[in-house]
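Working notes, beginning with the structure itself.
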Amino acid sequence: MDKVLFLTLSLVLVLTQVNYSSSSLRRISKAQVMGFNWKNCGQPDAPAILKTLTVSPDPISIPGEMTASASGSTSVELAAPLSVNVTLEKEVAGFWVKVPCLEQMGSCHYKDACDILSQLIPPGQDCPEPLHTYGLPCHCPFKAGLYSFPQSDFTLPTMDLPYWLSNGNYRVQGVLGAEGKELGCLKLALSLHSD
């Protein structure tokens, strides 16, 4: 599996289990994610490439159940520091508007995703399920190779979202880099509707 996706899945799996206590977050009792799609946005010869990603159902209910599978590859080992540049855009009146970085969420630059993963999942601690079951890593360094994440079921809990993450259409681009070089790029698009 693509290392960008490993980092993304690892962060999502952990963040869905974290209880935030910030006043800038609001409890979402019911939400739906619709129209999820993805594509690679890096060069065709980029070291980290996502080959497949399936997510169902559409819409995805939060809280609720979802199923995901993925496969990808990386031709280089990914080790700290591993930067991630995230650009989040929201559609407003037919135009795409960049959402600024607020409290480390939104369009942010993360200097070292490896450090973030180590904070969320301390070294020596098992990776969250189902990564652990399939022997997939959640800590740096990530070895070069081909990876496959079999179809797996997830329970999505009620969660707290930033107050500014309201209903609408969103685009997210994540660029993974090291030593000033782009290693991979992934674009996601989705619509969020919450009560």
Side-chain angles (χ1 to χ4, degrees), residues 2-42 48 50 53 55 59-64 66 68 78 80-122 128 138-140 154 156-178 180 182-195:
D2 176 57
K3 300 311 183 205
V4 173
L5 184 62
F6 264 133
L7 293 172
T8 303
L9 279 177
S10 295
L11 288 171
V12 167
L13 288 170
V14 171
L15 290 175
T16 59
Q17 299 173 22
V18 172
N19 184 15
Y20 295 100
S21 59
S22 172
S23 61
S24 66
L25 299 178
R26 62 186 173 95
R27 175 65 47 154
I28 301 299
S29 59
K30 186 177 178 185
Q32 289 190 322
V33 174
M34 296 180 255
F36 177 87
N37 65 61
W38 67 275
K39 69 177 181 177
N40 288 300
C41 48
L50 182 63
L53 174 61
V55 177
I60 298 167
S61 294
I62 303 171
M66 80 173 247
L78 302 177
L82 198 55
S83 68
V84 179
N85 282 314
V86 175
T87 303
L88 175 64
E89 297 175 310
K90 181 178 181 182
E91 187 177 22
V92 179
F95 296 95
W96 289 99
V97 178
K98 184 177 177 180
V99 176
C101 186
L102 302 169
E103 297 183 7
Q104 293 300 303
M105 289 188 252
S107 298
C108 301
H109 171 75
Y110 302 97
K111 291 181 182 179
D112 190 3
C114 296
D115 184 53
I116 294 170
L117 285 173
S118 291
Q119 290 176 34
L120 294 171
I121 310 164
C138 60
H139 294 99
C140 295
F154 297 89
L156 301 173
T158 300
M159 57 182 66
D160 296 331
L161 294 176
Y163 67 91
W164 46 263
L165 192 60
S166 57
N167 293 344
N169 298 323
Y170 291 89
R171 297 190 303 201
V172 182
Q173 176 175 294
V175 179
L176 183 67
E182 183 177 309
L183 301 175
C185 179
L186 186 64
K187 284 187 178 181
L188 307 174
L190 57 91
S191 296
L192 174 66
H193 297 279
S194 62
D195 294 342

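All values derive from a computational prediction rather than experimental measurement.
Nearest heavy-atom pair across Ala178 and Pro81 is CB-O, 4.0 Å. Contact between Ile62 and Pro157 at its shortest, heavy atoms only, is CG2-O, 3.4 Å. Residues Cys138 and Ile121 share a closest heavy-atom pair of SG-CD1, 3.8 Å.
The shortest distance between side-chain heavy atoms of Leu53 and Phe36 falls below 4.5 Å. Counting heavy atoms from C-beta outward, Ser83 and Lys111 have side chains that stay 4.5 Å or more apart. In this structure the side chain of Val84 never reaches within 4.5 angstrom of the side chain of Ile116, judged on heavy atoms. Under the 4.5 Å side-chain criterion, counting only non-hydrogen atoms from C-beta, Leu188 is not in contact with Tyr170. You'll find the side chain of Leu190 stays beyond 4.5 Å of the side chain of Ile60, heavy atoms only.
Annotation: the span from Asn40 atom CG to Leu186 atom CG amounts to 6.0 Å, rounded to 0.5 Å. We find the NZ-OG1 distance between Lys30 and Thr158 to be 11.5 Å, quoted to the nearest 0.5 Å. Interatomic distance, SG of Cys185 versus CG of Leu50, reported as 11.5 Å (0.5 Å rounding).
The salt bridge (Lys or Arg N to Asp or Glu O under 4.0 Å) search around Glu89 returns Arg171, not counting sequence neighbours. For Ala80, the side-chain contact (heavy atoms from CB on, under 4.5 Å) partners are Asp112, Cys114, not counting sequence neighbours. Residues forming a side-chain contact (heavy atoms from CB on, under 4.5 Å) with Lys39 (at least two apart in sequence, or on another chain): Lys187. Under the side-chain contact (heavy atoms from CB on, under 4.5 Å) criterion, Val99 pairs with Leu88, Lys90, Trp164, not counting sequence neighbours. Not counting sequence neighbours, the partners of Asp115 by the side-chain hydrogen bond (donor to acceptor under 3.5 Å, both in side chains) test are Gln119. Listed by chain and number, the residues in a side-chain contact (heavy atoms from CB on, under 4.5 Å) with Gln104 are Cys101, Tyr110 (sequence neighbours excluded).
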Query - Stepwise side chain to side chain contact (heavy atoms under 4.5 Å, CB included) check, Thr87 with Val172 - result: CA-CA 6 Å; Thr87 303; Val172 182; over 6 Å; no
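Looking only at atom types and distance, the side chain of Asn167 has no donor-acceptor partner in the side chain of His193 under 3.5 Å away.
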